[in-house]
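Below is one structure, written out as structure tokens; comments come after it.
Positions are given from 1, in the same order as the sequence printed here. All values derive from a computational prediction rather than experimental measurement.
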Amino acid sequence: MLFRHLELKDKYVKRMTSRNKQIVDYRFVSLKVVNSSLSQGTVTLGLLSNKQHSFEAKGEPLLIKATVPHEQIKLIRAKDVHQIEANLQVVIDTTSNVPQIQTKIMRITKYI
């Protein structure tokens, strides 16, 4: 997986690092809604490139599973949304031998 950021990356990407944890906040990420699970509080999303972020994969969008508040999942389903723009937070915990990665939608900025 390759992440490339444009010149304005400091405005749209913020990294915070501590001893055993790294937090990366991405602002205004374009995401394709693939699937949602209200019972688990998660949404499967495809990362799409836009003018703020360039996510490269071999032909298909990279798929991620993100935690989303139940109210937002209900809105996505009610509006029959296929694409969103959102602020995304990735937390990488390296306390154990196998890094744990959590992805959260912090705020949906646009329903498309």
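- Residue pairs satisfying the side-chain hydrogen bond (donor to acceptor under 3.5 Å, both in side chains) criterion with at least one member in residues 69-79, sequence neighbours excluded, are listed as follows: Ser36-Arg77, Gln72-Tyr111.
- Cluster membership check: Ile64 shares its hydrophobic cluster with Leu62, using side-chain heavy-atom separations under 4.5 Å among Ile, Leu, Val, Met, Phe, Trp and Tyr.
- Among all heavy-atom pairs drawn from Ile108 and Ile76, the shortest one is CD1-CD1, 3.9 Å.
- Scored by the side-chain contact (heavy atoms from CB on, under 4.5 Å) test, Thr109 finds Phe28, Glu85, Asn87, Arg107 as partners (sequence neighbours excluded).
- Connectivity analysis of hydrophobic side chains (ILVMFWY, heavy atoms under 4.5 Å, direct or indirect) links Met106 to nothing; its cluster partners are none.
- Inter-residue side-chain proximity for Arg15 and Gln22 is flagged as met; some heavy-atom pair is nearer than 4.5 Å.
- To the nearest 0.5 Å, atoms CG (Leu88) and NZ (Lys104) are separated by 11.0 Å.
- Annotation: side-chain contact (heavy atoms from CB on, under 4.5 Å) contacts of Ile112 (sequence neighbours excluded): Gln83, Lys110.
- Under the 4.5 Å side-chain criterion, counting only non-hydrogen atoms from C-beta, Val43 is not in contact with Asn35.
- Clustering of Ile, Leu, Val, Met, Phe, Trp and Tyr side chains at separations under 4.5 Å leaves Val98 isolated, with no partner residue.
- The closest side-chain heavy-atom distance from Leu31 to Ile105 is below 4.5 Å.
- Hydrophobic cluster membership for Leu63: Val34 (Ile, Leu, Val, Met, Phe, Trp, Tyr linked by side-chain heavy atoms under 4.5 Å, directly or transitively).
- Looking at residues two or more places apart in sequence or on another chain, you find a side chain to side chain donor-acceptor pair (under 3.5 Å) between Ser30 and Asn50.
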Under the criterion side-chain contact (heavy atoms from CB on, under 4.5 Å), I'd like the reasoning laid out for Lys21 against Val91: C-alpha separation, chi angles, the key distance, then a yes or no.
CA-CA 7 Å; Lys21 190 180 284 188; Val91 179; 3.8 Å; yes
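- How far CG of Asp80 is from CG of Leu75: 13.0 Å, rounded to the nearest 0.5 Å.
- Within the structure, side-chain hydrogen bond (donor to acceptor under 3.5 Å, both in side chains) contacts touching residues 88-100 (residues at least two apart or in different chains) are Asp25-Gln89, Asp93-Thr95.
- Distance check: Ser54 OG to Leu47 CG gives 11.0 Å after rounding to the nearest 0.5 Å.
- Ile84 is listed as a side-chain neighbour of Leu45, based on a closest heavy-atom distance under 4.5 Å.
- Among residues two or more places apart in sequence or in another chain, the side chain to side chain donor-acceptor pair (under 3.5 Å) test is passed with Ser37 by Ser39.
- For the side-chain contact (heavy atoms from CB on, under 4.5 Å) test, residues two or more places apart in sequence or in another chain that qualify with Lys65 are Gln40, Thr42, Thr44.
- Side-chain atoms of His53 never come within 3.5 Å of backbone atoms of Val13 as a donor-acceptor pair (strictly under, hydrogens ignored).
- Val68 is connected to Val90 through a chain of hydrophobic side-chain contacts under 4.5 Å among Ile, Leu, Val, Met, Phe, Trp and Tyr, so both are in one cluster.
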